[in-house]
Structure formats: structure tokens, C-alpha cells
Amino acid sequence: MGRLFLVILDGKGYSCKHCQAHLALSEDIVSKSFHCRHGKAYLFSKVVNVTIGLKEDRMMMTGMHTVSDIFCVGCGSNVGWKYVAAYDKGQKYKEGKFILERFKVSGPDGSHYWANHESHVGGSDAEDA
């Protein structure tokens, strides 16, 4: 395996909770109103230090989407997913954007989000109204 080069972000951001690799800046948050299996999830316009998995169609609460899971390059942990395509016109704004699951990342102040037992267990990507 070759040498691993990580992008170091300057500013308040989110990092992998396992290896602390920087993932995204707070200023790149598009929405904090998403939910996933483990609770809250944030939509970002860009992320760093991730690899993108295979594309797959998933039925989510807001309809069918083509998505790819994203993995931390530092440790390989699944940290969220990338929206590749949305089939509903009203969901097209998500295309090319990334979800980071709060349960899987540390916040700008180093805090961790703890999923509660009442978190939604079904599909994912629901937005708060």
C-alpha cells in the first residue's frame, strides 16, 4: 500500500469519529434537516478524504435515488453516502451532494452525536418539514 495523503481542512469542520480524518467544513453544509438510520444526518456540498463506493438504487423516504456509499480514506469506515441521481424533480437538488451521518462523525468542537433508541430504523434521507 502506498503513502496516504489526507487533506487538512482549515476552519470548523467534521471529522471521522474513528480516526479523526477531516471530512467537511461547516460552511459547506446545505441542510441539517436530514435523518438516517442512526438519527441526524447533514447534507454537504463537498467532502474530502472519502472514497466512493458502487452506485446502487435505493428507495428512500423521499423516493428512489441512485446513491454511492462513502468511506473514510483514513480508516475505511462508512460515513455516509453521495447522491448520484434523484428520480423525482423535487429531489434533483441533492444530486452530486453528500450525506454525513452525525452518528459516524465528530462535530466541529470534537463532540459526538449519540443515536437514541427512538431513531428511525427504516429508510433514510427524510427531511424535517
Side-chain angles (χ1 to χ4, degrees):
M1 188 166 139
R3 177 177 272 173
L4 179 64
F5 291 96
L6 295 174
V7 175
I8 305 299
L9 297 173
D10 187 27
K12 290 186 176 187
Y14 293 83
S15 58
C16 175
K17 79 172 186 179
H18 298 290
C19 71
Q20 287 72 51
H22 293 182
L23 298 173
L25 290 171
S26 297
E27 64 195 43
D28 293 323
I29 294 174
V30 175
S31 175
K32 290 185 175 183
S33 299
F34 283 73
H35 292 279
C36 63
R37 279 190 183 91
H38 298 106
K40 291 184 177 220
Y42 295 170
L43 183 69
F44 287 84
S45 58
K46 59 186 171 183
V47 297
V48 297
N49 297 325
V50 298
T51 56
I52 299 173
L54 299 174
K55 295 179 192 175
E56 65 179 72
D57 287 337
R58 285 189 198 153
M59 179 56 76
M60 298 188 172
M61 295 184 73
T62 56
M64 183 63 77
H65 294 78
T66 301
V67 299
S68 296
D69 285 334
I70 57 174
F71 304 89
C72 173
V73 297
C75 66
S77 296
N78 180 315
V79 292
W81 65 89
K82 177 182 181 178
Y83 285 105
V84 177
Y87 296 94
D88 182 274
K89 284 183 185 178
Q91 301 300 310
K92 292 283 188 186
Y93 75 96
K94 296 176 186 174
E95 292 181 345
K97 294 182 176 64
F98 302 85
I99 287 287
L100 290 179
E101 298 183 49
R102 277 300 281 127
F103 177 71
K104 298 178 178 182
V105 299
S106 297
D109 59 358
S111 64
H112 295 285
Y113 172 84
W114 299 102
N116 64 35
H117 296 291
E118 298 171 5
S119 294
H120 181 69
V121 180
S124 54
D125 108 312
E127 286 187 88
D128 288 337

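FYI, the numbering just counts along the sequence from 1.
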Using modelled atom types only, decide if a donor and an acceptor are shared between the side chain of Asn49 and the backbone of Val73 within a distance under 3.5 Å.
-> no
Could you pull out the closest heavy-atom pair between Ser106 and Cys16, with the gap in Å?
-> OG-O, 4.3 Å
For residues 23-30, please give each side-chain donor-acceptor pair under 3.5 Å, one per line with the distance, not counting sequence neighbours.
residue	atom	partner	partner atom	Å
Ser26	OG	Lys12	O	3.3

Indicate the atoms forming the closest heavy-atom contact of Tyr87 with Met64, along with that distance.
-> CD1-O, 3.1 Å
Side chain proximity check, Met60 to Val67, heavy atoms < 4.5 angstrom | yes
Would a hydrophobic clustering, with Ile, Leu, Val, Met, Phe, Trp and Tyr connected at side-chain separations under 4.5 Å, put Ile99 with Tyr93?
-> yes
Check Ser77 against His18 and note the closest heavy-atom contact, atom names and distance.
-> OG-CD2, 3.1 Å
Residues that Phe71 engages under ring-ring contact (aromatic ring centres under 6.0 Å, His included), provided they are two or more places apart | none
Look at atom NZ of Lys92 and say whether more than 12 heavy atoms of other residues, nucleotides or ligands are closer to it than 6.0 Å.
-> yes
Output for pair (Glu101 CD, Lys40 NZ), nearest 0.5 Å, gives 14.0 Å
Within 6.0 Å of CD1 in Ile8, more than 12 heavy atoms from elsewhere = yes
Return yes if some donor-acceptor pair links the side-chain N/O of Gln20 with the main-chain N/O of Ser15 below 3.5 Å, else return no.
-> no
Before accepting this row, confirm whether a basic side-chain N of the pair Asp69/Arg58 lies closer than 4.0 Å to the acidic partner's carboxylate O.
-> yes
Counting only N and O atoms by type, is there a donor-acceptor contact under 3.5 Å from the side chain of Lys104 to the main-chain atoms of Leu100?
-> no
Consider only side-chain heavy atoms of I, L, V, M, F, W and Y, link residues closer than 4.5 Å, and tell whether Ile52 and Phe44 are in one cluster.
-> yes
When rounded to the nearest 0.5 angstrom, what distance separates OG in Ser68 from NZ in Lys55?
-> 6.5 Å
Straight-line distance of Ile70 CD1 to Thr51 OG1, nearest 0.5 Å | 9.0 Å
Before giving the answer on side-chain contact (heavy atoms from CB on, under 4.5 Å), spell out for Val50 and Lys82 the whole-Å C-alpha distance, their side-chain angles and the decisive distance to 0.1 Å.
-> CA-CA 10 Å; Val50 298; Lys82 177 182 181 178; over 6 Å; no
Which pair of non-hydrogen atoms, one from Gly74 and one from Leu4, has the smallest distance, and what is that distance?
-> CA-CD2, 4.0 Å
Knowing that exactly one of Phe34, Phe98, Tyr14 qualifies, which makes a side-chain contact (heavy atoms from CB on, under 4.5 Å) with Tyr42?
-> Tyr14
